[in-house]
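Single-structure report; data block below.
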Number of protein chains: 2
Amino acid sequence: MALEHAILVSLLEQPGSGYELARRFDRSIGYFWTATHQQIYRVLKRMENDGWVDVREVAQDGRPDKKEYSVAEAGRSALSGWLRDPVEPETIRHDLAVKIRAVAFDDPSALIAEVVRHREIHVARLEHFLEGEKRDFPDPGALGTRQTLQHAVLRGGIAFQRMHIEWLDDVLATLHRLRPDN
Amino acid sequence: MALEHAILVSLLEQPGSGYELARRFDRSIGYFWTATHQQIYRVLKRMENDGWVDVREVAQDGRPDKKEYSVAEAGRSALSGWLRDPVEPETIRHDLAVKIRAVAFDDPSALIAEVVRHREIHVARLEHFLEGEKRDFPDPGALGTRQTLQHAVLRGGIAFQRMHIEWLDDVLATLHRLRPDN
DNA sequence: GATAGCATGTAACGGGTTACATGATTTA
DNA sequence: TAAATCATGTAACCCGTTACATGCTATC
């Protein structure tokens, strides 16, 4: 499990509330990890109980109060220990691949639309990532350590989207070859 | 959720026991989906209760009896309906990416070994996939529908491994640039 | 005699998803 | 006045992981 560690990294980069963390998981952290606010609040509470994070009530005007979390010493060393533990490479669970093999027992036409839809989503994500790259890392030669690492992770997200788009093109060509009448 | 649908596809390709399904999930289905025998037995029981699969007790000599499952009509139409429903593209959850960003607050050297380890695992998986390709699809021009689709899925797995290896090389170069003394 | 393979399960735990719930403020 | 944003949570359900459990047969 890395959600708690992803939260620790994000809070080390910048302390913030559960709500703010949820927004970060929609943006930069979303390049490699997703989490909903429900998950985040649940884990934050556990981390608070375990002494991994400190909380500070912050009054705001024109907005609800918030709880600002920051990393405590125990959290820092928990992260450090985890960094030294091996983690498993990601296992693939790809619904589309199941559907592709299922087409052998069904009509391909419905799947073609679905593959096109997925392709569009990956193209949109790629564009979003490329915009983020242009905005946040315009001069890759002149980055600090933190940004150099963030950029390397973002390049992984970009490569992931590009690979998907190419593979989906391949799948589409294959599906069309199955029915030349289409 | 696609485990039950992956099982349906596998049983359509070839009826079999829970044990046999578990082995298939270690092999060809493992290109795009993983599952343990515990999961499979649990889901098979549910599918049996729902009338998606039929069971037949098969006595064997020199081996324990087994329950051979095959797809029932209700299972076939459930799969057909699912094929027509949109599924979400995979969300990325990448522990290594969390670790990479965490390095900004820790020593990079431990991570380098971990990245090298991951790279080796992906190289081994790539080789395994390429062997499977050579063995099962030696003449891609002369495949039936089912195998053409299986091959397309396998090409996705191959592309996934290649992308990973390239990205991990990129990450390693980045980490080394952070510490030119290493 | 020990290990590996065949075959089927139960139980406990934690994580992820979805739905539900509240309440204030700002903007269209 | 309706919708969007800020902010925090509870509850239920299912899925995936890990550990435990049994017992037979074939091979080394």
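Proteins get letters first, then strands, A, B, ... in listed order; numbering begins at 1 in each.
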*Euclidean distance, atom CG of residue L3(B) to atom C1' of dC14(D) [Å, nearest integer]*: 12 Å
*So, do D95(A) and W33(B) sit near enough that their side-chain heavy atoms are less than 4.5 Å apart?*
yes
_I40(B) vs T36(B) side-chain heavy atoms within contact, under 4.5 Å_ = no
*Can you tell me which residue pairs pass the salt bridge (charged side-chain N to carboxylate O under 4.0 Å, His left out) test with a partner in residues 142-155 of chain B, sequence neighbours excluded?*
D170(A)-R155(B)
Just the atom pairs and distances: protein N or O near nucleotides 8-11 of chain D's N or O, under 3.5 Å.
residue, atom, partner, partner atom, Å
dT8(D), OP1, K67(A), N, 2.9
dT8(D), OP2, Y19(A), N, 2.9
dT8(D), OP2, Y41(A), OH, 2.9
dT8(D), O5', Y41(A), OH, 3.3
dT8(D), O4, H37(A), NE2, 3.3
dG9(D), OP1, K67(A), NZ, 2.7
dG9(D), OP2, K67(A), NZ, 3.3
dG9(D), N7, H37(A), NE2, 3.4
dG9(D), O6, H37(A), NE2, 3.1

*Within-4.5 Å side-chain heavy-atom neighbours: L8(A) and F105(B)*: no
*Atom CD of E4(A) to atom P of dG15(C): distance rounded to whole Å?*
7 Å
*asked:* Just to be sure I understand the geometry, which residues of residues 47-56 of chain A put a non-hydrogen atom under 4.0 Å away from DNA chain D?
replied: none
_Integer-rounded Å distance: dT18(D) C1' and E88(A) CD_ = 13 Å
_Pairing residues for I121(B) by the side-chain contact (heavy atoms from CB on, under 4.5 Å) criterion, not counting sequence neighbours_ = P89(A), R117(B), R125(B)
*Euclidean distance, atom CZ of residue R93(A) to atom P of dC15(D) [Å, nearest integer]*: 12 Å
*side chain to side chain donor-acceptor pair (under 3.5 Å) partners for E13(A), two or more places apart*: Q150(A), R101(B)
*What residues, two or more places apart in sequence or in another chain, satisfy salt bridge (charged side-chain N to carboxylate O under 4.0 Å, His left out) together with D26(B)?*
none
*Can E90(A) and R93(B) be counted as an ion pair, charged N to O under 4.0 angstrom?*
no
*In whole angstroms, how far is the C1' atom of dA4(D) from the CZ atom of R23(A)?*
13 Å
*Measure the shortest side-chain to side-chain distance between M47(A) and Y69(A) over non-hydrogen atoms and say whether it is less than 4.5 angstrom.*
no
*State which residue, out of H122(A), H94(A), H118(A), fulfils the ring-ring contact (aromatic ring centres under 6.0 Å, His included) condition with W167(A).*
H94(A)
*If you link I, L, V, M, F, W and Y whenever their side-chain heavy atoms are under 4.5 Å apart, who else ends up in the same group as Y41(A)?*
Y19(A)
_Where protein sits on nucleotides 23-28 of chain D, one letter per nucleotide: B base, S sugar-phosphate only, - none, heavy atoms under 4.0 Å_ = B-SS--
*Rounded to whole angstroms, how far apart are NE2 on H5(A) and C1' on dG15(C)?*
14 Å
*Using the test salt bridge (charged side-chain N to carboxylate O under 4.0 Å, His left out), find all partners of D106(A) that sit at least two apart in sequence or belong to another chain.*
R84(B)
_If the condition is salt bridge (charged side-chain N to carboxylate O under 4.0 Å, His left out), which residues does R162(A) pass it with, not counting sequence neighbours?_
none
*How sharply is the helix from dG1(C)-dC28(D) to dA28(C)-dT1(D) bent, taking the axes over five pairs at either end and rounding to 10 degrees?*
30°
*Has Q39(B) got a side-chain N or O lying under 4.0 Å from the OP1 or OP2 atom of dC15(D)?*
no
*asked:* In whole Å, I'd like the distance from the CD atom of E57(B) to the C1' atom of dT8(C).
replied: 11 Å
_Partners meeting salt bridge (charged side-chain N to carboxylate O under 4.0 Å, His left out) with R24(A) (sequence neighbours left out)_ = none
*Find the distance E90(A):CD to dG15(C):P and express it as a whole number of Å.*
15 Å
